[in-house]
Amino acid sequence: MRRWAMPGVAALLAERLQSAFDTLAPGSDPVLRPSDRADFQANGALALAKRLGRHPVEVAEAVVAAARLDDLCERVEVSGPGFVNLFLSASFVERSTREMAADRRLGIEPAAIPERVVVTYSHPNVAKEMHVGHLRSTVIGDALCRMLGHLGHDVVRENHIGDWGTPFGMLIEHLVDVGEEMAIAELSVGDLTGFYQSARASFDGDGAFKERSRRRVVLLQSGDAETLRMWRVLVEHSIAYFDEVYAKLGVLLTDDDVKGESFYNPMLPGVVADLDAAGLLVKDAGALCVFPRGFTNREGDPLPLIVQKSDGGFGYAATDLACIRDRVDSVRATQILYVVGAPQSQHLRMCFEVARMAGWLPDRLRVEHVAFGSVLGADHRMLRTRAGTSVKLVDLLDEAVSRAAEAMAERDRDADLAPEERQAVARALGIGAVKYADLSTDRVRDYVFDWDRMLSFEGDTGPYLQYAHARIRSIFRRAASEASATGHSWADESAVPASAIVIRDPQERALGLTLLGYAAAVHSAVEESSPSKLCAYLYSLATTFTSFYERCPVLRAPDETTRRSRLALVDTTARVLAEGLGLLGIEAPARM
RNA sequence: GCCCCCGUAGCUCAGCGGAUAGAGCACCGGCCUCCGGAGCCGGGAGCGCAGGUUCGAGUCCUGCCGGGGGCGCCA
């Protein structure tokens, strides 16, 4: 079932164990796991013993006898009820760490068979403010895109913005009322809330306005040129605003990724016609519906997916179905990831099921709802402002940066940083803290938004990882300055070759072993669409590094061989931290 | 009422059917002639409840309790 091969040292071990298990029973799973009593353990003997009707310990011993592991392990033992404990040899760790250090890609091989993965995320609405609800989708989607891309997949980003539908009657009429100049000014400064709410207020309080809005929707649907022109004004200025937020957030999305609801609008009649031709359409209470298998409503009756409303308008389900067809037929996706909040789970499952029933979605194609929970405030309720409104995303990001700047000023470490550089670092820290807090917890759970915790330099936070990275970079700065004073030749970090790595001290071994887990961490994060897996790995690398650093002097190592080795080890650590954070969309400044 | 998600230490979270359930914060106690102490080392304390499957369950299944969300013309 594993879609991507297990990478790194674990792969080698798994291969060897597999052949050993195959001698006893072809195809049985070695069940290789990292272990806290060894480097790895293989638990497959227990299940196999059951199947063969033999003693587990005896099976484990047979596996050990059959396995060729002498070049990888210094010790292999059978323990407990039948576990095989594997202790890697220092020479293997050393060899592997050197290979990784010498590899520009740090041991991550590009996929042999690249997938074309559509990732749909962010999804703000035109003329509506972006709020924390968009934060998670944008940040998680961005990290997934970066990781998939790094693994060599062909990533197609799609931003399914809300740029069509009945609210536009109201929004366009409001544009008419306030005048285009005024409207553009309002949208350009990012006061989308003001614009939307004024329109809403007129709609709710003014019967004539409401009627105009209704007629305007019809004009929009029928393609009236002037209406479309005004619609475009709203869309374009909103997108310009979204771009500002994306720039502030530091994500990959661009205008080219926008594929809003309006894009699919021309395809909707075809969706309905083809569903009808397939015999799936049922008229129910005036609406055209499909009843996917396995879904019922509160009365226990089949639950419909409404594709065309009784007034003739298309439901959003029609658009979502058109999306699937477009992504399969035109984009030629081999995978589709929906980075959408957990509440839409049922709706998406229904859409996927209908698409399958209609034959639009091949069974082999992986379609996944990458669901995520809500952002909660300290009171464990949906995050809101004191006034009870949803928090503007830009305000939140600005606060993150100013809080980070304060924290820097308090500490005053790199006092000689130029003002622009300071500001850039504050942005990296503040935005990084917000992103890391979001990405590091299991995405499907709700998470509690807490400024003090996420901006802390202690514990599992973005700033802590950035700090670990900056500390390593400072070693090389110092090395360089000492070299210019003493004439040492090893100062330049690029001058320390990977082959200099020697593994002797237990802390060196621990660091090397942790480094070697990098590729596996990225793969599992991608396989499970869970950036938190990569976060957990980077955090363990950072803590392993600080333990190492406490006990293993680098620049003051006892001898030149050790010093060069540790410089190479530590440089590799910094590269992994920087690249890993980069894959999460988080910057790693050299100083802070 | 039905469906989905969540429930692990005081708090915030990890735990891919495997051994004694791990971190961080907070708390307590150590380590400073410290290459960035925003650090390192150590300590106490926990799987919502009840059944079941399994050689083995925090993990899988069933029921219950608690929290959140969804359930026909909004997206």
Side-chain angles (χ1 to χ4, degrees), chain A residues 31 33-37 41 43 46-47 49-50 56 79-83 85 123 125 160 162 164-167 261 284-289 294-301 303-311 313-317 319-320 341-347 349 371 373-374 376 380-382 407 410-411 413-414 437 440-442 444-448 450 452-454 456-461 463-464 466-468 470-479 482 524 527-528 532-533 535-536 539-540 543 546-557 563 566 570 591-592:
Chain A
V31 194
R33 297 285 134 90
S35 172
D36 50 350
R37 345 189 130 198
Q41 58 177 321
N43 304 332
L46 289 133
K50 177 81 177 164
S79 154
F83 301 111
N85 286 342
H123 320 135
N125 292 307
H160 189 80
W164 201 254
T166 47
E261 289 162 13
D284 194 89
L288 295 176
C289 310
F295 296 90
T296 55
N297 68 5
R298 68 193 87 198
E299 272 81 43
D301 301 325
L303 191 61
L305 192 66
I306 295 175
V307 290
Q308 192 162 12
K309 301 184 283 186
S310 52
D311 67 0
F314 296 103
Y316 53 89
T319 307
D320 287 333
Q344 290 195 51
S345 161
Q346 180 174 266
H347 167 71
R349 285 197 339 264
S374 309
L376 306 180
H380 285 219
R381 308 185 60 124
M382 299 279 280
E410 242 170 69
R411 176 150 168 272
R413 168 63 70 171
D414 285 318
S440 60
T441 165
D442 179 19
V444 79
R445 294 173 55 143
D446 295 347
Y447 86 94
V448 178
D450 182 332
D452 292 334
R453 194 166 48 243
M454 74 177 72
S456 167
F457 291 82
E458 292 163 18
D460 189 8
T461 69
Y464 174 82
Q466 289 167 320
Y467 172 65
R471 261 177 112 185
I472 298 174
R473 287 292 161 234
S474 86
I475 296 172
F476 289 97
R477 278 194 300 277
R478 177 175 285 260
E482 284 178 7
S524 80
E527 278 172 44
E528 296 167 50
S532 68
K533 303 281 177 192
C535 293
Y539 180 63
S540 78
T543 55
T546 47
S547 297
F548 160 88
Y549 197 43
E550 196 75 14
R551 292 209 196 78
C552 298
V554 176
L555 296 180
R556 297 175 193 178
R563 175 156 53 192
R566 289 179 181 171
V570 138
R591 306 174 69 191
M592 54 192 269

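To find a chain, count down the sequence lines: A is the first, B the second, and so on, and within it residues start at 1.
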Point to revise | Nucleotide pairing, RNA chain B (Watson-Crick or G-U, distances under 3.5 Å), in dot-bracket with [ ] and | | key: (((((((..((((....[...)))).(((((.......)))))....(((((..]....))))))))))))....
Check your understanding: Checking all strands, does Arg471(A) fall into the base, sugar-phosphate, or nothing category for heavy-atom contacts under 4.0 angstrom?
Key -> base
**Study point:** rG30(B) to rG37(B) separation - C1' atoms, rounded to the nearest Å
**Key:** 15 Å
Review point. Using a cut-off of 4.0 Å on non-hydrogen atoms, how would the nucleic acid contact of Ala470(A) be classed: base, sugar-phosphate, or nothing?
Key: base
Practice item. For Val448(A), report the nucleic acid contact type (base, sugar-phosphate, nothing); a contact means any heavy atom under 4.0 Å. Key: sugar-phosphate
**Study point:** Interatomic distance where CZ belongs to Arg566(A) and C1' belongs to rC35(B) [whole Å]
**Key:** 12 Å
Point to revise | Sugar-phosphate, base or nothing in reach of Thr441(A), heavy atoms under 4.0 Å | key: sugar-phosphate
Check your understanding: Counting any heavy atom closer than 4.0 Å, what does Pro553(A) reach on the DNA or RNA strands: base, sugar-phosphate only, or nothing?
Key -> base
**Study point:** Per Ser310(A) side chain, nearest of listed nucleotides rU12(B), rC13(B), rC73(B)
**Key:** rC73(B)
Check your understanding: Does Pro304(A) reach the side chain of Asp284(A), with side-chain heavy atoms less than 4.5 Å apart?
Key -> no
Check your understanding: Atom NZ of Lys533(A) and atom P of rA14(B): how far apart are they, to the nearest Å?
Key -> 9 Å
Exercise for review: Tell me, please, which residues at least two apart from Tyr316(A) pass ring pair (Phe, Tyr, Trp, His ring centres under 6.0 Å).
Suggested key: His347(A)
Under 3.5 Å, which protein N or O atoms sit close to an N or O of nucleotides 26-31 of chain B? Give each pair with its distance.
none

Practice item. Would you indicate what His123(A) reaches in the nucleic acid, counting non-hydrogen atoms under 4.0 angstrom: base, sugar-phosphate, or nothing? Key: nothing
Review point. Expressed in angstrom and rounded to an integer, what is the separation of Tyr467(A) atom OH from rC35(B) atom P?
Key: 11 Å
Practice item. For Gln344(A), check side chain to side chain donor-acceptor pair (under 3.5 Å) against everything at least two apart and list the hits. Key: none
**Study point:** Pairwise C1' distance for rC11(B) and rG44(B), with rounding to whole Å
**Key:** 16 Å
Review point. rC49(B) and rC13(B): how far apart are their C1' atoms, nearest whole angstrom?
Key: 23 Å
Exercise for review: Would you mind telling me which of rA75(B), rC35(B), rG72(B) lies closest to the side-chain atoms of Arg556(A)?
Suggested key: rC35(B)
Study note, to complete from the structure: Separation of rA14(B) atom P from Glu528(A) atom CD, nearest Å, is 13 Å
**Study point:** rG72(B): syn or anti, per glycosidic angle within 90° of 0
**Key:** syn
Between the protein and nucleotides 17-20 of chain B, list every N/O to N/O distance that falls short of 3.5 Å.
unit_1	atom_1	unit_2	atom_2	d
rA19(B)	O2'	Arg37(A)	NH2	2.3
rA19(B)	N7	Gln41(A)	OE1	2.9
rA19(B)	N6	Gln41(A)	OE1	3.0
rA19(B)	N6	Asn85(A)	OD1	2.4
rA19(B)	N6	Asn85(A)	ND2	3.3
rA19(B)	N1	Ser79(A)	OG	2.8
rA19(B)	N3	Arg37(A)	NH1	3.2

Exercise for review: For rG17(B) versus rC47(B), give the span between their C1' atoms, rounded off to a whole number of Å.
Suggested key: 16 Å
Practice item. Can you tell me the distance, in whole Å, between the CD1 atom of Ile475(A) and the P atom of rG39(B)? Key: 16 Å
Check your understanding: Excluding sequence neighbours, so at least two apart, what forms side chain to side chain contact (heavy atoms under 4.5 Å, CB included) with Arg477(A)?
Key -> Arg473(A), Ser474(A), Ala590(A), Arg591(A)
Review point. Touch check for Asn125(A), heavy atoms < 4.0 angstrom, all strands: base, sugar-phosphate only, or nothing?
Key: nothing
Practice item. Under 4.0 Å between any heavy atoms, over every strand shown, what does Cys552(A) touch: base, sugar-phosphate, or nothing? Just pick one. Key: base
Review point. Which part of the nucleic acid, if any, lies within contact of Thr546(A), taking any heavy atom under 4.0 Å across all strands shown: a base, the sugar-phosphate backbone alone, or nothing?
Key: sugar-phosphate
Practice item. Would you mind classifying the nucleic acid contact of Tyr539(A) as base, sugar-phosphate or nothing, using non-hydrogen atoms under 4.0 angstrom? Key: sugar-phosphate
Practice item. Check every strand shown and say whether Ala536(A) touches a base, only sugar-phosphate, or nothing at a heavy-atom separation below 4.0 Å. Key: nothing
Practice item. Please name all residues satisfying side chain to side chain contact (heavy atoms under 4.5 Å, CB included) with Asp460(A), sequence neighbours left out, ordered by chain then number. Key: Tyr436(A), Tyr539(A)
Revision key, fill the gap. When rounded to whole Å, the CD to C1' distance for the pair Gln346(A) and rG72(B) reads 12 Å
**Study point:** Atom P, compared across rG42(B) and rC25(B): separation rounded to whole Å
**Key:** 14 Å
Review point. For Val554(A), which residues count as a side chain to side chain contact (heavy atoms under 4.5 Å, CB included) partner, sequence neighbours excluded?
Key: Ile475(A), Phe548(A), Tyr549(A), Arg566(A), Leu567(A), Val570(A)
Review point. When the C1' atoms of rG10(B) and rC28(B) are considered, how many whole Å apart are they?
Key: 15 Å
Point to revise | Contacts of Ser345(A) that satisfy side chain to side chain donor-acceptor pair (under 3.5 Å) - sequence neighbours left out | key: Arg349(A)
Revision key, fill the gap. Residues passing the side chain to side chain donor-acceptor pair (under 3.5 Å) test with Asn85(A), sequence neighbours excluded, are Glu77(A)
Exercise for review: Could you list the residues that satisfy side chain to side chain donor-acceptor pair (under 3.5 Å) with Asp442(A), not counting sequence neighbours?
Suggested key: none
Check your understanding: What do you reckon, do Tyr549(A) and the base of rC35(B) stack, with centroid distance below 5.5 Å and planes below 30°?
Key -> yes
Practice item. Give Ala287(A) one of three labels, base, sugar-phosphate or nothing, depending on what nucleic acid heavy atoms sit under 4.0 Å from its own. Key: base
Point to revise | Sugar-phosphate, base or nothing in reach of Met454(A), heavy atoms under 4.0 Å | key: nothing
**Study point:** Closest listed nucleotide, where the reference is the side chain of Arg349(A) and the choices are rG68(B), rU8(B), rC3(B)
**Key:** rC3(B)
Exercise for review: Tell me which nucleotide among rG70(B), rC3(B), rC40(B) gets nearest to the side chain of Ser547(A).
Suggested key: rC40(B)
Review point. In chain order, what residues pass the side chain to side chain contact (heavy atoms under 4.5 Å, CB included) check against Ser374(A), with sequence neighbours excluded?
Key: Leu376(A), Met382(A), Asp446(A)
